[in-house]
Protein chains: 2
Amino acid sequence: MNFKAVDISRTASASSIVFDVLRKAIIEGELVEGAPLRQDEIANMFSTSRIPVREAISRLEELGLVKTQRYKGAVVAGLSADEAAEVFDLRALLEPEILRDAMTRMPKDCLQKAREQCQAFSNSPKPMEWGDLNRDFHKTLYSASNLKYFKEVAENAMDRVERYIRAQLLMSDGMARADREHLAILEACEDGDGDRASLLLRDHIIGAKFSLLEHFPSPAVRK
Amino acid sequence: MNFKAVDISRTASASSIVFDVLRKAIIEGELVEGAPLRQDEIANMFSTSRIPVREAISRLEELGLVKTQRYKGAVVAGLSADEAAEVFDLRALLEPEILRDAMTRMPKDCLQKAREQCQAFSNSPKPMEWGDLNRDFHKTLYSASNLKYFKEVAENAMDRVERYIRAQLLMSDGMARADREHLAILEACEDGDGDRASLLLRDHIIGAKFSLLEHFPSPAVRK
DNA sequence: ATATCTTATATTGGATACAATGTCCAAGAT
DNA sequence: ATCTTGGACATTGTATCCAATATAAGATAT
């Protein structure tokens with residue numbers, strides 16, 4: 001195992017801590033698809049009992065991040081390129097709506113912050129940070145929106161495909177393209193042009209989907 | 001408490017059973033908003049320990065059906081009319097896409113089944129069944145779709161607003177209108193007209209949203 | 001030698017026991 | 001009269017123990 005586990009022996013909210021750490025490790029790809037999650041092992045890493053671990057795992061399963069089989073244990077849920085593509089399709093429906101709503105009530109310092117994060121993203125020399133910076137930018141754009149449920153669903157969708165996003169940013173022109181598209185979206189926001197911004201955002205997401213399908217071709221259907 | 005709890009003492013999948021029963025009781029409105037869920041009490045009703053109950057509750061929280069506070073316990077999550085309206089908006093985005101996809105691969109007996117369910121819905125004399133029958137009809141229409149993630153998200157959305165749907169069906173012309181609209185959607189499906197079907201479905205959902213906002217007006221904003 | 005049955009081990013699921021924290025009420029001080 | 005404080009009680013959170021089941025290795029029969 002290669003994630004950071006602190007000692008939370010006899011801590012009150014152990015299950016939430018375990019949940020957070022495991023979730024982060026999974027969406028960032030540190031725990032790769034199919035990796036088994038042994039309750040005992042994880043409990044030892046946190047110096048806690050298996051009870052909070054079990055609770056964390058059951059919550060992760062509800063989010064679709066792990067799969068469990070009775071008496072066989074939990075493994076990190078895999079996501080085929082086709083399944084990921086579907087998640088991108090959903091994002092492409094939701095996030096433009098969120099952005100459009102956010103733009104109607106966006107305070108000035110929000111755009112300011114978005115611009116800074118956009119620059120931080122394009123200037124960051126550490127590929128390890130790109131995933132987080134990308135997500136920060138999107139999150140800031142949506143922050144002013146009141147569509148809480150939309151945002152909740154979108155967050156879960158992003159969680160599920162975060163691994164693919166990170167992989168894409170590392171590919172050939174992945175980073176350059178993301179940067180370019182972020183800037184275009186940001187400018188549309190600064191112009192107050194909701195139609196353009198949401199359309200560009202949609203293209204940004206759909207583009208990522210096609211790039212994904214191209215670079216992770218689905219295996220030939222076998223009899 | 002007014003839901004059916006069977007004796008599952010020492011049963012292997014106790015937590016899943018508790019989860020299912022609680023979920024059903026919540027979405028059907030038998031456990032009303034704000035009702036406290038005491039671990040002890042529920043465990044006794046099922047003749048199990050609190051462990052499976054805790055797991056069930058934590059999963060329900062992940063679904064947004066209950067809210068918990070440390071050491072204070074869980075209560076059935078409330079949903080204001082405004083929040084419910086947002087959920088309907090999301091359904092209006094997703095479900096037409098699901099239906100359109102389902103129609104491209106719908107086997108013949110599926111439409112047959114939908115028609116039967118549609119009639120069963122309009123003929124049912126028991127208001128208690130209307131909610132289930134309504135949902136069955138929608139589910140059948142979507143069943144052929146391959147958009148698993150879309151369907152998963154839509155299911156959760158329906159869960160959250162099921163209480164409002166049931167209330168609407170009981171109101172004045174609620175049942176009549178739903179019946180009328182279901183028939184129109186079904187006919188568009190039978191004609192193989194995906195555009196018309198998805199549009200009618202969208203209207204069906206958006207209509208329910210406005211009816212909801214009309215009948216459950218949000219309280220005046222108070223200082 | 002191979003296939004099938006048996007048994008040992010690993011691992012999960014649940015029950016019971018214990019620890020920690022919030023709530024509520026009463027008694028006393030100001 | 002009102003506010004604080006302390007302690008009993010209720011309830012949740014975690015640890016430990018036991019039961020049930022799957023996997024894999026070894027024994028046995030053909």
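On a predicted model such as this, the values are computed, not experimentally measured, just so you know. Chain letters run A, B, ... following the sequence lines, proteins first, then strands; residues in each count from 1. What you see below is based on every heavy atom in this structure, not just the backbone, and it leaves out hydrogens, waters and symmetry mates.
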**Q** Check every strand shown and say whether B:Thr68 touches a base, only sugar-phosphate, or nothing at a heavy-atom separation below 4.0 Å.
**A** nothing

**Q** I'd like the 5' and 3' limits of the part of DNA chain D contacted by chain B, with heavy-atom contacts below 4.0 Å.
**A** D:dT11 to D:dA15

**Q** Using side chain to side chain contact (heavy atoms under 4.5 Å, CB included) as the criterion, list what pairs up with A:Asn44, not counting sequence neighbours.
**A** none

**Q** State which residues pass salt bridge (charged side-chain N to carboxylate O under 4.0 Å, His left out) with A:Arg50; sequence neighbours excluded, sorted by chain then number.
**A**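 A:Arg50 satisfies salt bridge (charged side-chain N to carboxylate O under 4.0 Å, His left out) with no residue once adjacent residues are dropped.
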
**Q** Expressed in angstrom and rounded to an integer, what is the separation of B:Phe46 atom CZ from C:dA15 atom C1'?
**A**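 Going from CZ in B:Phe46 over to C1' in C:dA15 covers 17 Å.
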
**Q** Where along residues 48-59 of chain B does a heavy atom fall under 4.0 Å from DNA chain C?
**A**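 Here the set is B:Thr48, B:Ser49, B:Ile51, B:Pro52.
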
**Q** Under the salt bridge (charged side-chain N to carboxylate O under 4.0 Å, His left out) test, which residues partner B:Asp20, sequence neighbours left out?
**A** none

**Q** Using a cut-off of strictly less than 4.0 Å, decide whether A:Gln39 has a side-chain nitrogen or oxygen near OP1 or OP2 of C:dG13.
**A**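 Yes, A:Gln39 has a side-chain N/O under 4.0 Å of OP1/OP2 on C:dG13.
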
**Q** Could you check if a side-chain atom of A:Asp136 sits within less than 4.5 angstrom of a side-chain atom of A:Phe121, using non-hydrogen atoms only?
**A** no

**Q** If a pair satisfies salt bridge (Lys or Arg N to Asp or Glu O under 4.0 Å) and one of its residues is in residues 53-65 of chain A, list it, with sequence neighbours excluded.
**A** A:Arg54-B:Glu55, A:Glu55-B:Arg54, A:Arg59-B:Glu62, A:Glu62-B:Arg59

**Q** In whole angstroms, how far is the C1' atom of C:dG14 from the CD1 atom of B:Ile17?
**A** 12 Å

**Q** For DNA chain D, whose closest nucleotide is more 5', that of B:Arg70 or that of A:Lys72?
**A**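 Nearest nucleotide further toward 5': that of B:Arg70.
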
**Q** Give the rounded distance in Å between these two atoms: CG of B:Asp40 and P of C:dT16.
**A**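 Rounded to the whole Å, the gap is 12 Å.
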
**Q** What is the distance from CG of B:Asp7 to C1' of C:dG14, rounded to the nearest Å?
**A** 14 Å

**Q** Tell me, please, which residues at least two apart from A:Phe216 pass side chain to side chain contact (heavy atoms under 4.5 Å, CB included).
**A**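 Applying side chain to side chain contact (heavy atoms under 4.5 Å, CB included) to A:Phe216 gives A:Ala81, A:Tyr164, A:Ala167, A:Leu212.
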
**Q** Which residues satisfy the salt bridge (charged side-chain N to carboxylate O under 4.0 Å, His left out) test with B:Lys108, sequence neighbours excluded?
**A** none

**Q** Could I get the full list of salt bridge (charged side-chain N to carboxylate O under 4.0 Å, His left out) partners for A:Lys67, not counting sequence neighbours?
**A**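 Result, salt bridge (charged side-chain N to carboxylate O under 4.0 Å, His left out) vs A:Lys67: none returned.
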
